[in-house]
Number of protein chains: 2
Amino acid sequence: MKMSDRKKKILQIVVDEYINTAVPVSSKNIAEKHLTDISSATVRNELASLEELGYLTQFHTSGGRVPSPQAYRFYIEELMEKGNLSDSDLDYIQSAFSSKSNDVEHLIKSVSKVISDLTDYTSVAIGPHADAERIRSITLLPCGDGRALLVIVTGERILRDSFIRVPENMTDEELENASRVISKLFEGKALTEAKEVEEEALQEFGQYRQVMAEVIDALKTYTHPREEDVVLTGAEKIFNHPEYEDIGNVKNFLSVISSKDKIAELIGDENDEIQISVKIGSSGDKDVPDDCSLVTATYSAGGKNLGTYGVIGPIRMDYPKVIAVLENVGRALEGIVENKNRDKHNNKDGKQ
Amino acid sequence: MKMSDRKKKILQIVVDEYINTAVPVSSKNIAEKHLTDISSATVRNELASLEELGYLTQFHTSGGRVPSPQAYRFYIEELMEKGNLSDSDLDYIQSAFSSKSNDVEHLIKSVSKVISDLTDYTSVAIGPHADAERIRSITLLPCGDGRALLVIVTGERILRDSFIRVPENMTDEELENASRVISKLFEGKALTEAKEVEEEALQEFGQYRQVMAEVIDALKTYTHPREEDVVLTGAEKIFNHPEYEDIGNVKNFLSVISSKDKIAELIGDENDEIQISVKIGSSGDKDVPDDCSLVTATYSAGGKNLGTYGVIGPIRMDYPKVIAVLENVGRALEGIVENKNRDKHNNKDGKQ
DNA sequence: GTTAGCACTCTCAACACCTAAGTGCTAACG
DNA sequence: CGTTAGCACTTAGGTGTTGAGAGTGCTAAC
């Protein structure tokens, strides 16, 4: 059986209508409100055939039809008409990013909040991959008890820190020296380049090889997204959607979002080439839980990864709106990052 | 009307029974299972009188009785019999704290998890007040763009960090010098003592007063608990309790725990003298939301505050169990902290 | 290929009815 | 005067019935 243009049109109507109303769509509804030139009986024939093709399901005979996950996928691929944001939404994006705090941690949080507020779904976000970032400063601070704090500041001003073990008999002065050596070795390099200097570094370090090894280990762990990097905003938004009037669904959803590890796994393996990714639960995308849909966008500006942002919610999601929000937020974000870079250059030029 | 001993006994039975079964308690139940020497009619008279005193309520005439918040308060004050933990629970506490990681951040998380697992409620935790902690190391690291990273490591190995603004024309070397001066000034002092050296510090700093002022500002903010210090574990545990089969209650609960600010406010203002505090929503404790109960304990060892830990859940909470868990966890925690201190001293003695 | 018409199925709300649980009250008892 | 048995009363919750409404599938006619 082929997908005629009319079938596509009808499928599109069903999905649009169901997204907006959350009520199973009837043939009468379609014929009266959207396709006034054909009768409900004709629509019924087409619906029956779409059902046979796997795009629609019905709970019971007299209950209207509901899109299947397969239908949503097809809808997103081919049928969906792009949404536009209202002026007030656009204003909101502008005003949210106009605050001048350029601390990346805060930026991630505010982007996540904007997305959640505008889409009315729970937003998930994960910061930039640290891989490509260049180390601006790397320091070991003595803390006593055979421990030192490793502080790394990268070009993007993200700082990461963790304790490493040092020999108990190492004095603060020795540690300071070691810190200086490490500084020389790594400053200006990207985190991923740590491996390349590994041999050289271990050589140079003589008796404190162990310390160096720990530092390199720590550097390596930074290239993976960590639990703390996952930001979740607006979990309570799910109550605004009728599928979560059922306690079982709430439970399921909660159990998904309460594991940040799992979320990191879900959104962390994005292929950077794909700008917007839609994953729909059940059968298709292995890891996405049933009855859940995950829409994410990976942003970048000036060749730099800015992180992955998106929403998680019911399969019956307002994809046009969500995608419009993600696109607009992305543009705004790229805008401010590029402006910032330009400012920086101008300032430098002006002073030199 | 007086509270006779028999009334107290009956009230205790009602609360115990309701805590365990979540079913409104009937006079017949009490007479048959607990007070076999008197008849249900007598119990009924007593129940009616307890209701008049405000300790009991009923949803409808034939529905049995349910304790009021006032009854829970009285129960905790006077009636409750202390619970004992099972051997397996005690073992669990021991094994959970035997891991030797003495990183405070991790310790808080694992304590919170233990409490949540053993009580089956959502656990809230907030780390030690920084007030009394002595600064072990304080450093300013240059980050470019008129910013520097302030890194503070305290005796408890808690590290806190934030960016501060520095004059754009300040060189890295100047910053390093400033860092050294600041180090000298503050090392070994408690965070709360920052104010005392304020005048002296501003004096000494000459042209970079501004930097010093920012550092002192930052120090001041650390004495308040911050959003990031609040740890929440086991939010999904609420589904194990029947009051949260109602979507409205889940919604309410979620909205409470989704604001870490609010939680910090709730548990952060503990009077350190009180070891265990019970706050029951509705009328009594202003800030605790209706239908919620908050039980927290503030731990300390060797004069040092170790943070505040507890659970948040329905008013119908298993107070004896929760309090037993909090007490045992507290003892275990104090034990390991004291052992650690002793080890530290022994090591030092051995080496010197 | 399209459509009108109709029988069929299913949900949902309303209603009556019944039962079980628990209470309050009263009158009798020691 | 406290205690108790007995009984009438109240209410939630479950069940069965009914009718209306919605939507479909099928068929025969256009």
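Numbers restart at 1 for each chain; the letters A, B, ... are given by sequence-line order, proteins then strands. Keep in mind that this is a model prediction, so the values were computed, not measured.
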Query raised in the report: Looking at dT11(D), dT3(D), dT24(D), which one has an atom nearest to any side-chain atom of Arg65(A)?
Result: dT24(D)

Report task. Scan Asp37(B) against the nucleic acid and name what it touches under 4.0 Å (heavy atoms): base, sugar-phosphate only, or nothing. Result -> sugar-phosphate

Query raised in the report: Could you walk me through whether Ser255(A) and Ser258(A) pass the side chain to side chain donor-acceptor pair (under 3.5 Å) check?
Result: CA-CA 5 Å; Ser255(A) 80; Ser258(A) 66; 5.9 Å; no

Query raised in the report: In terms of side-chain heavy atoms of Arg44(A), which of dT3(D), dG25(D), dA12(D) is nearest?
Result: dG25(D)

Query - Minimum-distance nucleotide (side-chain atoms of Leu47(B) versus dT4(D), dT23(C), dT2(C)) - result: dT23(C)

Query raised in the report: Under 3.5 Å, is there a donor-acceptor pair linking the side chains of Lys237(B) and Ser116(B)?
Result: yes

Report task. Between dG25(D), dT3(D), dG24(C), spot the one nearest the side chain of Gln58(A), thanks. Result -> dG25(D)

Report task. Compare the minimum distances between each of dA12(D), dT3(C), dT11(C) and the side chain of Ile38(A), then state the nucleotide with the smallest one. Result -> dT3(C)

Requested in this report: With heavy atoms under 4.0 Å as the rule, sort Ser27(B) into base, sugar-phosphate or nothing.
Outcome: sugar-phosphate

Query raised in the report: Which nucleotide sits closest to the side chain of Ser62(A): dC10(C), dG6(D), dC26(D)?
Result: dC10(C)

Report summary line: Against the side chain of His60(B), the closest entry in dT2(C), dA12(D), dT24(D) is dA12(D)

Query raised in the report: Would you say Asn20(A) has more than 12 foreign heavy atoms packed within less than 6.0 Å of its CG?
Result: yes

Requested in this report: Select one nucleotide: of dT23(C), dT3(C), dT24(D), the one nearest the side-chain heavy atoms of Ser26(B).
Outcome: dT23(C)

